[in-house]
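One structure is given here, and the rest of the page talks about it.
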Amino acid sequence: MSKADTVIVLDFETTGISPGMGDRAIEIGAVRIENGEVTDRFQELMNPGRRISGFIEDYTGISNRMLQSAPPCGEVMQRFSDFIGDNNLVAHNASFDQRFLDAELALISKKRSGQFTCSMLAARRLYQEAPNHKLGSLVRYMNIPSDGTFHRALYDSEMTAKLWLAMLGSIGDRYAVPAVSFSLMRKLTRTPKRSVSQLFERS
DNA sequence: TGCCAGGCCCTCTTTAGGGCCTT
């Protein structure tokens, strides 16, 4: 597997759903996958400079007290920018995490250079019969061991990484593709569902 | 306190609407 197939699987916890409406990141978690294995991890809380809602406290288990002593977003995002480097990126419903990553990096005058792809869009194509395509549901559907601690950034990124590797395995088993590259997975997320077989038969 | 967005994707579609996902 080439360096291009080293990927960072990441997950943000945030104050809400829209950076365009002023929402900020409160936690970033990520794992690095190299040669099909997790080789490094990143997790930090960050202080968004405001109180978070009771809904977000309940949803994530991250409290205002925990964030009081956390470093500011800019400081954490500097370190995270170094962590991701120029690697390609994966997230579950990546359009969400991409918006927050780009918004937080813009606030410290940085940009990412890696490309994003989305585990949810890939799973919708590979596991069309799954009950739904929420991260927790797919983890159960694929019988990936889990203690159910969802909605914390590192845990969700670990589970997304395991789902990602399971999808690479499914493609290998189902279509006899020996090495599934990041760029092939990216093509998968842009392929109509009815054409998935043809994509892999051409590979 | 409660609310917000946006891309994907399906269908009773394309001159649109609504569910799925993420926090």
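Sequence lines set the chain letters: A, B, ... in the order given, protein chains first and strands last, and positions in each chain run from 1.
Residue contacts for A:F12: at a heavy-atom cut-off of 4.0 Å it reaches the sugar-phosphate backbone alone, with no base atom in range. Contacts of A:D97 with the nucleic acid, taken as non-hydrogen atoms under 4.0 Å apart, are absent.
Taking atom P in both B:dG6 and B:dT1, the straight-line distance is 26 Å, to the nearest Å.
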Polar atoms only, N or O, under 3.5 Å: list the protein pairs with nucleotides 2-9 of chain B and their distances.
from, atom 1, to, atom 2, distance (Å)
B:dA5, O4', A:S18, OG, 3.3
B:dC9, OP1, A:R125, NH1, 2.5
B:dC9, OP1, A:R125, NH2, 2.1
B:dC9, OP2, A:R125, NH2, 3.2

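Residue pairs meeting the side chain to side chain donor-acceptor pair (under 3.5 Å) criterion with at least one member in residues 171-181 of chain A, sequence neighbours excluded, are A:S181-A:S183. For the side chain to side chain donor-acceptor pair (under 3.5 Å) condition, the pairs that include at least one residue of residues 105-116 of chain A, sequence neighbours left out, are A:D102-A:R112. Residue pairs meeting the side chain to side chain donor-acceptor pair (under 3.5 Å) criterion with at least one member in residues 7-17 of chain A, sequence neighbours excluded, are A:T15-A:D23.
Residues from residues 56-71 of chain A placing a heavy atom under 4.0 Å of any atom in DNA chain B, listed by number, are A:I56, A:Y59, A:T60.
Every salt bridge (charged side-chain N to carboxylate O under 4.0 Å, His left out) that A:R152 has, sequence neighbours left out, goes to A:E27. For A:E37, there are no side-chain hydrogen bond (donor to acceptor under 3.5 Å, both in side chains) partners two or more places apart in sequence or in a different chain. Residues passing the ring pair (Phe, Tyr, Trp, His ring centres under 6.0 Å) test with A:F55, sequence neighbours excluded: A:Y59. Residues meeting the ring pair (Phe, Tyr, Trp, His ring centres under 6.0 Å) test with A:F150, sequence neighbours left out: A:Y155.
The one candidate from A:R124, A:R125, A:Q128 that meets the side chain to side chain contact (heavy atoms under 4.5 Å, CB included) condition with A:H133 is A:R124.
Between the CD1 atom of A:I26 and the C1' atom of B:dT23 there is a distance of 8 Å, given to the nearest Å. The nearest whole Å value for the distance from the NE2 atom in A:H151 to the C1' atom in B:dC21 is 12 Å.
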